[in-house]
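One structure is given below, encoded as structure tokens.
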Amino acid sequence: MTQLLQPSSVPVSSALLEGLNPRQREAVLYRGPALLIVAGAGSGKTSVLTRRIASLLETREAWPSQILAITFTNKAAGEMRERVRHLVGHAADGMWISTFHSACVRILRREAEVFGYASGFTIYDSGDSRPLLKRIIKQHEADVMGFSVANVAAKISKLKNELVDAETFSRQVNLADPKEAMFLTMFREYSRTLQAANAFDFDDLIAQTVYLFRAFPHVAEPYRRRFRHILVDEYQDTNHAQYALIRELTKPAPAIEPASLTVVGDSDQSIYAFRGADIRNIIEFEQDYRDATVVLLEQNYRSTQTILDAANAVIANNFDRKPKNLFTAGGPGAKIVGFTGYSGHDEAQFVADEIEQLHREGTEYREIAVFYRTNAQTRALEEILIRSAVPYRILGGTKFYERAEIKDAMAYLIAVANPADALAVRRILNSPKRGIGSVTETQLANFAERNGMTFRAALRHAGEQGFGPKIAKAITGLSDLLDEATALTAPPEEGMAPVPVFDVLALLMNRSGYVDALRASKDPQDEARLENIEELLAVTKEFQRNNPDGLLIDFLTETALVAAADELDDTSGTVSLMTLHTAKGLEFKAVFLTGIEEDLLPHRMSANEPGGPAEERRLFYVGITRARERLYLSLAMTRNSYGETSVSAPSRFLAEVPAELIEWKQSPGMAGPGGGSRVAGSLAWGGSSSGAAGGGAAQQKPKTEWTNRVTGKVRDNGDLELAVGDRVKHDDFGEGRVQGITGTAAKRIAEVQFDSAGRKRLLVKVAPIVKL
DNA sequence: CTATCACCACTTTTT
DNA sequence: GTGGTGATAG
């Protein structure tokens, strides 16, 4: 224990401790084998973590290279690095600050050869494994046994997160059960295919690193020796594989004591059980690491007391937790605003109107966020936000990298970087269309198998397989192009910069005929696809700017590991839309929590899962605690699920927020004599659709006030001429007078004072209006 | 081999 | 409403 020092014996400069409360200081200064920082929402844990790292560097207790810090997203990692750099300058360089996944990729790329992989392995996301699983299921006709891509993928993922691979599984499986046996067969085949393709899926990145360390101690040893201080953020959301990885890294190496481990977390914010996160990792930390010290951070520096009161009251309903109460030295702040829409569109209109109100009062768009439980809820929100000319951006959802044309382009790059990846080669085989269909593809696969070569190699032997001259030429053409691109990416000579990824991609896209095919197409969507390809080319340019020595494989790694929250651009003047899960770790001045309904939050699917409702409550809690000043809770009485409209009931969680904290602009009709107590168990809506809960001044609104429901029709008013003073009629808002016109062309915005619906901003091009 | 159309199952959350 | 799938025709 010689170099593990107790707090007082290290002279840490006062600058590092400035502005910290006593608990936070303790968390920065404590020195010992294991430290658990229980950090409530908004308690300044990032600040504590960065100063802890900075203090280790400042006092020379550690070199940068001896520090490994694990964050939940790459964005959080970048921010942490920036903040440490701000505190100690370039002493910060050389630290490993990254996500679990990025750290494992880094290790695996270095050590892959040790266990039969090549350093250029591909990383498969769920979208990449899907076609593979589909093929496997079809091949075994396992769908009739009730197997689907989704449930097989989920089960495999779950097992891998428990560090159970196919072989381990075969030992514990009941082979008498045909379903189990079938699953084992498929699991084996999936694993074999990945291995043959020199590929890891997301779960493999962690699990295989653990396997590597366990099976090859001499590989693990340098890492155990190197990392003297390991810090893990969001520890409540680690799964077993991640837990095991940390255990491996903190094992003593010969003649050296175990690394010091700091974990930060909050079991009230554990929301990833579905992904294998095990809340016990944090709860049992003190048993796991003897001599562990615990520091509790409860003072909140983010939110108003009103918001914290709501959060505390809600989370108190989870019974098996350690009591924790967030408090602030700040004031109570504004009341929470509640709203009940007639429909999802109506709710969205409320959100848009309130955002405009906030914006007029001086809140910047980027300080505002809208959260929801499911991605499907974005549709109504988007429609209304566009129409109301509110600038917004969606984090996550249908991601850029999941679009078909981007997947195609990436598959070209992967085919070059990892020729063993048959899936990537198959994907590009006939895109653009080369007249190569499934028959030809199968024939190539068989040829490869018969001759013990890769699928990629089989392309080079197209002439020997009896294809027609046209098909053979198409295959050879593709093969030659890939070879040419491969030559470009050969390791550069000493002192030379590598060929930019941009050049490689441009070559592939142009010579393959991919862009030509899009250009020649009559499908109007192909124009957008072309733009997406151009955007990807711009991404490669940007990558080269940031990483002058970046290789193709680095680009592929970076793009494979982008998370939803990584996309957040702080400088953009737009409202952020995201799921509650993506919102974790972020904060905004004003937050809208939408769709607070039964079957949505808590989600219907969570009802049967053990611990499901409690986790949903934590999700609600996470959402509430993201808000600094203003919090809005909204719901809708009816919602369109898919084509169908169904009636929804207010979430049970709404009744857990003390009524006096909420001011309802439109209540769920639970008011009137009897108060709000009916919400909890009621399945249907109370009789009246108006009135206010919580004994506030009831603004009686006649039923006809539900007029701001909006239809989903798309229209184009592009050529509509409007001037100040014109009278217009809006499908939903009725008649009004134009007060002002701003913007040009497709972005022309009219400010209209409606006779009964209030003042609205409308995007002229799409708003359902006519000039009178 | 490709294009077209009818039909279906589907939506929890994600590194 | 959508996106993927399978049958059919060209």
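Worth saying up front: this structure is predicted, and the values here are computed from it rather than measured. A, B, ... follow the sequence lines: proteins, then strands. Residue 1 opens every chain.
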Counting any heavy atom closer than 4.0 Å, what does A/S641 reach on the DNA or RNA strands: base, sugar-phosphate only, or nothing?
nothing
Touch class at under 4.0 angstrom, heavy-atom based, for A/Y272 against every strand present:
sugar-phosphate
Across the strands shown, which category fits A/S126 at heavy-atom distances under 4.0 angstrom: base, sugar-phosphate, nothing?
nothing
How far does OH of A/Y223 sit from OG1 of A/T209, to the nearest 0.5 angstrom?
9.0 Å
To the nearest angstrom, the CG-C1' distance between A/D233 and B/dT15 comes to 15 Å
Nearest of B/dT15, B/dC1, B/dT13 to any side-chain atom of A/V439?
B/dC1
Cation-pi check, A/R617 to A/F653: give yes when NZ or CZ is under 6.0 Å from the six-membered ring centre and within 45° of the ring axis, no otherwise.
no
Heavy-atom count check: over 12 atoms from other residues, nucleotides or ligands less than 6.0 Å from A/K158 NZ?
no
Which nucleotide sits closest to the side chain of A/A376: B/dT12, B/dT11, B/dT2?
B/dT11
Nearest whole Å is fine: how far is B/dT15 C1' from A/D204 CG?
13 Å
Euclidean distance, atom CD of residue A/Q242 to atom P of B/dT15 [Å, nearest integer]
12 Å
Is the shortest side-chain N/O distance from A/T579 to OP1 or OP2 of B/dT12 below 4.0 Å?
no
Sugar-phosphate, base or nothing in reach of A/N430, heavy atoms under 4.0 Å
sugar-phosphate
Would you call A/D237-A/K584 a salt bridge at under 4.0 Å N-O?
yes
I need the NZ-C1' distance between A/K75 and B/dT14, as an integer number of Å.
17 Å
Taking the nucleotide of DNA chain B with the closest heavy atom to each, which residue, A/G435 or A/T582, is nearer the 5' end?
A/G435
Can you tell me which nucleotide in B/dA3, B/dT14, B/dT15 comes closest to the side chain of A/K433?
B/dA3
Is the centre of the A/F147 ring less than 6.0 Å from the centre of the A/H140 ring?
no
Phosphate-side-chain proximity, A/T73 and B/dT15, N/O vs OP1/OP2 below 4.0 Å:
no
Does A/F274 stack onto the base of B/dT12, taking stacking as ring centres under 5.5 Å apart and planes under 30° apart?
no
For residues A/Y372 and A/F592, establish whether the separation of their ring centroids is below 6.0 Å.
no
With a 4.0 Å cut-off, would you call A/E656 and A/R652 a salt bridge?
no
Could you write nucleotides 1-10 of chain C as a row of B, S and -, 5' to 3', where a protein heavy atom under 4.0 Å of any base atom gives B, of only sugar-phosphate atoms gives S, and otherwise -?
B--SSS----
Phosphate-side-chain proximity, A/N375 and B/dT14, N/O vs OP1/OP2 below 4.0 Å
yes
